[in-house]
Amino acid sequence: MEIVTANELISGATVYFLTEGCWGADIDRARVFQSEENAERDRVIKRANASGFLISVERETVRVAKGRVLANRLRERIRAEGPTAPRHRPQKPDIHNAVEFSHVSL
Amino acid sequence: MEMIEQSDPISAHQTNAGKDRLRAFGIITLNSMFAQKDASGVLRMAIEDLLADELAVVSSFGADSAVLLHMVSKIDPNLPILFLQTGRHFPQTLAYVKTLSKRLGLANVRLLAPDSDELVRFDPDEDLWKSDPNACCHIRKIVPLDKALGGFGGWVSGRKRYQTEERGALSHFELTSDNRIKVNPLAYWEGADIAAYKKTHDLPEHPLFAEGFASIGCAPCTSAVTNGENPRSGRWRGLNKAECGIHFDVNRRISPAMNKAELTLFRDGEFVADPWGKWVEGTAPVLARYVHVPLVEFVVNRAAYLASLHPLGLLVGAGDDVMEVASDLGRFSSIAVEFPAFTDGRGYSSARLLAERLGYKGELRAVGDVLADQIPLMRRCGVNAFVVSHAATRKALEKGVPGRIDVFMQPAGGDEIPVGTRAFVRRAPNFTVSTP
Amino acid sequence: MYRYDQFDAEFVAGRVAQFTDQVERRISGELSEDQFRPLRLMNGLYLQLHAYMLRVAVPYGTMNSTQLRKLAHIARTYDRGYGHFTTRQNIQFNWPRLDDVPQILSELASVEMHAIQTSGNCIRNVTTDQFAGAAADEIIDPRPVAEIIRQWSSLHPEFSFLPRKFKIAITGAPNDRAAIKFHDIGLMAQQDEQGKVGWAVYVGGGMGRTPMVAKEISPFVPHSDLLAYLESILRVYNRYGRRDNKYKARIKILVHEEGLATLREQVESEFLQVRGGVLNLPDDELSRIKAYFAPPAFKDSDARFDLAALKVSDPEFARFVLHNTNQHAQAGYTSITISLKPVGGVPGDATDAQMEVVADLAQRFSFDELRVSHEQNLVLPHVAIDDVRAVYEALNGAGLGEANVGQITDMIVCPGLDYCALANARSIPVAQEISRRFGSARRQEEIGDLKIKISGCINACGHHHAGHIGILGVEKRGTELYQITVGGNAGENAAIGNILGRGIVAEEVPDAIEQLVEIYLKARSGAEENFLGTLKRVGEAPFREALYGND
């Protein structure tokens with residue numbers, strides 16, 4: 001299972017492709033692609049790269065437990081939650097760049 | 001014929017005789033009167049009958065001109081011969097005008113000079129040919145010719161079908177859009193016919209013909225052609241331009257205007273046509289001309305390239321050692337330094353070695369991944385021309401962003417900071433060295 | 001210190017304007033990320049895990065209070081109230097927004113600072129001894145030459161696209177505090193028989209996945225020829241350095257593969273051409289730059305510390321004096337190192353409030369001068385001995401009074417996986433645990449000087465290769481593991497540490513360090529024999545055994 005993640009251009013914040021078909025900061029709302037959905041996943045990546053407001057677009061393997069989406073790699077978990085020592089909240093994506101509302105949908 | 005029915009206003013000087021005659025004969029009739037290669041017949045008809053006292057010959061005194069002029073001299077050595085003295089001719093051409101006129105006994109050669117006010121106004125630095133060759137032809141050829149033709153009902157040209165694709169539909173007689181008759185006696189002649197005629201009559205060759213120039217115009221826009229190329233391919237090389245404009249007429253094959261995006265060479269502050277072509281692997285050294293020969297290839301076949309008389313360039317690849325050709329730099333009219341990726345900075349060292357250490361003063365062009373932000377650095381390393389395909393770079397250059405660099409921290413380039421005259425490592429306009 | 005003149009100001013302002021335009025073009029979509037990335041990197045702007053990171057150059061680690069206050073202001077206004085000082089004597093901000101960066105750069109320019117060449121394959125910020133111009137053991141103040149190198153290397157037209165980044169360090173003292181032998185070029189001041197000062201040139205040092213100690217390419221290059229010599233090295237490197245593999249592109253690999261003799265030959269032959277030309281450094285130019293670095297107006301003083309008495313009357317302060325001061329060339333003065341390694345803190349981090357305090361102290365007590373050390377601490381270089389007590393109290397009030405300089409908790413630590421996009425494992429939490437474990441003053445006093453350095457990946461930003469004890473974070477099947485090395489040394493006797501064995505998990509690291517320290521304490525010949533001395537004498541075996549048994 002994979003999610004698609006990126007950094008938002010203006011803030012640099014970590015964002016995810018969400019189930020709603022738009023981009024946002026909450027990994028638990030990330031759209032989880034099954035392996036048979038690879039074509040769709042790749043379309044999302046392609047569109048994200050073409051969008052102009054997302055950079056460093058990557059896919060990440062995850063598992064889903066109790067409604068939460070957990071990245072397999074520690075790096076991704078830190079990306080999702082912010083630095084650990086001391087803890088800092090993650091960067092907020094830029095609302096002017098309208099990430100939450102910009103549909104890079106399929 | 002629709003041509004004949006044209007009713008454009010005609011200048012007062014112009015006689016209507018030509019038009020009337022043409023109407024009388026009918027252009028199709030006229031064009032079917034002579035065998036294809038009966039150039040003398042066509043010429044005689046035009047001089048003695050069709051346009052008696054209204055005809056002039058327009059000649060470039062180029063590589064093939066002797067043929068037509070020889071025929072003219074046999075019929076009427078007093079026929080006006082118009083030569084466009086553009087101001088940009090090869091000295092060899094000007095000499096040829098004299099020798100050929102004398103030899104053939106041409107008694108009425110007229111030199112048509114461009115309007116000096118126009119030159120001052122539109123081409124003060126004599127470099128219009130680089131940025132806008134069409135405009136250059138306009139000032140130096142079309143306007144003077146138009147003026148001179150005012151008193152004539154028609155003119156003779158030496159054009160031939162085989163020269164270019166556009167000329168492939170040429171006939172003996174044409175009616176031009178300004179209602180003059182244009183006579184093309186050599187329309188159906190082939191290269192071999194020309195050569196044979198020259199030989200039979202022992203006509204003197206244009207001095208540049210032996211050096212590979214098959215069609216000769218103004219110096220800046222004429223280059224040698226290779227076997228197999230069409231003879232006019234050396235004119236405006238690299239440009240989508242085959243005609244200067246004096247022959248835009250009935251066949252409506254007017255050269256398309258230069259598309260600015262096709263000018264890829266940035267030099268002296270503007271985009272100009274690039275006369276250099278791509279070197280093709282396997283080209284025999286003796287045939288290479290107007291191409292940048294890779295350094296390694298040059299070194300391997302050094303003797304053959306040095307023996308060739310054709311204009312040659314050198315391509316310095318990123319990993320090449322320019323010191324290997326240190327003693328041969330005088331051979332190259334242009335050196336291209338390759339930047340295979342913008343991150344590959346070896347070319348900067350090559351350029352400095354060429355410009356500073358080896359004193360190369362010719363065109364030093366950057367080719368490859370040339371980005372706007374690198375151009376100031378390249379310039380400081382001695383690069384003076386850029387082949388640009390990257391759209392953003394092009395835009396930046398057109399905007400003039402990375403122009404001259406006013407401020408820098410260290411000396412580079414031969415003459416940025418002459419030894420002994422420094423403010424040590426830096427330069428800025430009106431800058432004086434300060435102390436704490 | 002050096003002050004911008006009209007020229008520098010114009011130069012930096014031009015760059016700010018250029019980058020402002022580039023950011024606008026990026027945001028408008030005119031520039032793609034692929035086109036923009038190299039441009040932002042040239043201005044020190046990286047993309048890390050959570051946000052952009054802006055690395056600001058502190059030229060050879062030298063600042064004044066106005067500049068530090070500006071950094072505090074930037075931390076407060078555009079970031080999250082802190083900054084991270086690095087081993088390159090720079091500062092990094094972890095949370096800037098792209099659209100704020102032009103404004104940040106313009107604020108920096110207003111105090112004569114910038115982020116130029118803090119990234120990219122160019123000549124990076126020149127680093128030097130944090131006690132330059134102050135240390136008692138100095139042959140020559142290296143800062144004027146560092147400044148001249150800075151100028152020469154700034155936007156160098158030929159050397160802005162080298163095979164890889166290029167780092168130059170310079171020291172004017174025989175005791176190397178700038179780790180010069182771990183740089184692409186290291187310069188160490190030398191005096192010839194006539195007393196003339198010049199530079200021994202070392203080339204090909206570096207950390208990363210192929211650590212190398214730099215080799216001497218020339219024993220003596222006079223001032224006047226130094227730039228010509230550097231340009232010769234750079235030209236040879238630019239032309240012949242490998243570009244096919246970025247892991248083999250540093251000059252150390254060229255030295256390694258071609259051999260020092262070949263490289264020297266190439267450099268010397270280039271030098272013959274370049275020498276005596278426009279790069280010749282005239283004495284009057286050197287003097288002009290030197291004047292910027294004239295010593296401040298020291299007062300005559302014979303004040304000294306009476307450590308023995310202090311230890312009785314004020315043991316805490318005595319400890320601070322012992323560890324955090326460095327002998328000054330001027331009688332009655334000392335240099336104070338402000339530790340950015342509080343127990344349990346983030347090594348190298350300072351808050352905006354702390355920066356304000358330090359700026360204030362620099363202004364009041366250190367002739368407005370400040371330094372950043374490659375060991376990620378701050379330095380007040382010129383403090384009257386009579387003022388040290390006052391400075392100490394002010395530092396304590398700001399949580400900056402940690403008296404641990406040079407001790408086991410004064411670690412070099414990279415940001416690691418908490419921030420860095422390249423890291424494999426976290427560094428900061430490991431450092432915090434070690435620092436808590438060894439935090440007691442008594443314990444540190446007993447151990448003495450011991451340098452631990454931690455990197456979160458093989459790129460070795462935490463200098464683990466040069467740590468007496470080095471810790472390298474790696475990742476194996478999703479788990480962070482840490483390899484321990486011993487025997488590294490960043491000083492004049494530079495050495496690369498050896499790996500003791502397989503990686504261990506984070507929780508085991510403090511215990512492992514504890515075990516190594518125990519072995520050292522047991523085996524040392526006396527308190528004056530440091531960790532490296534003991535290691536050299538007894539070998540690695542006992543240390544390896546302590547961690548891994550006999551397997």
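Letters A, B, ... are given to chains in the order of the sequence lines, protein chains preceding strands, and every chain is numbered from 1.
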Atom [atom1] of [X] and atom [atom2] of [Y]: how far apart are they, to the nearest 0.5 Å?
X: L353(B); Y: Q273(C); atom1: CG; atom2: CD; answer: 9.0 Å
X: Y240(C); Y: S349(B); atom1: OH; atom2: OG; answer: 9.0 Å
X: E158(C); Y: E356(B); atom1: CD; atom2: CD; answer: 7.5 Å
X: M378(B); Y: S160(C); atom1: CE; atom2: OG; answer: 11.0 Å

Do [X] and [Y] make a side-chain contact, defined as non-hydrogen atoms from C-beta onward lying under 4.5 Å apart?
X: Q374(B); Y: F161(C); result: yes
X: R357(B); Y: V274(C); result: yes
X: H156(C); Y: R380(B); result: no

Okay, F342(B) and chain C: the region with an atom under 4.5 Å from a heavy atom over there is both
If one checks every heavy atom of L371(B) against chain C at 4.5 Å, the contacting part turns out to be neither
Ring centers of Y348(B), F159(C) separated by less than 6.0 Å
no
Honestly, the part of L234(C) sitting under 4.5 Å from a heavy atom of chain B is neither
Name the member of [options] that forms the most heavy-atom pairs with chain B at distances under 4.5 Å.
options: P163(C), S154(C), G241(C); answer: S154(C)
options: L31(C), L39(C), N121(C); answer: L39(C)
options: Q35(C), R3(C), M42(C); answer: Q35(C)

| query | How about D283(C): does its CG atom have over 12 heavy atoms from other parts shown lying under 6.0 Å from it? | reply | no
Checklist entry - For atom CD of E265(C), is the number of surrounding heavy atoms from other residues, nucleotides or ligands below 6.0 Å larger than 12? => result no
Note: L155(C) and L377(B) closest approach over all heavy atoms is O-CD2, 4.0 Å
Looking only at heavy atoms, the pair that brings V322(B) and R239(C) closest together is N-NH2, 4.0 Å
Task: N238(C) side-chain N/O to G345(B) backbone N/O, donor-acceptor pair under 3.5 Å - done: yes
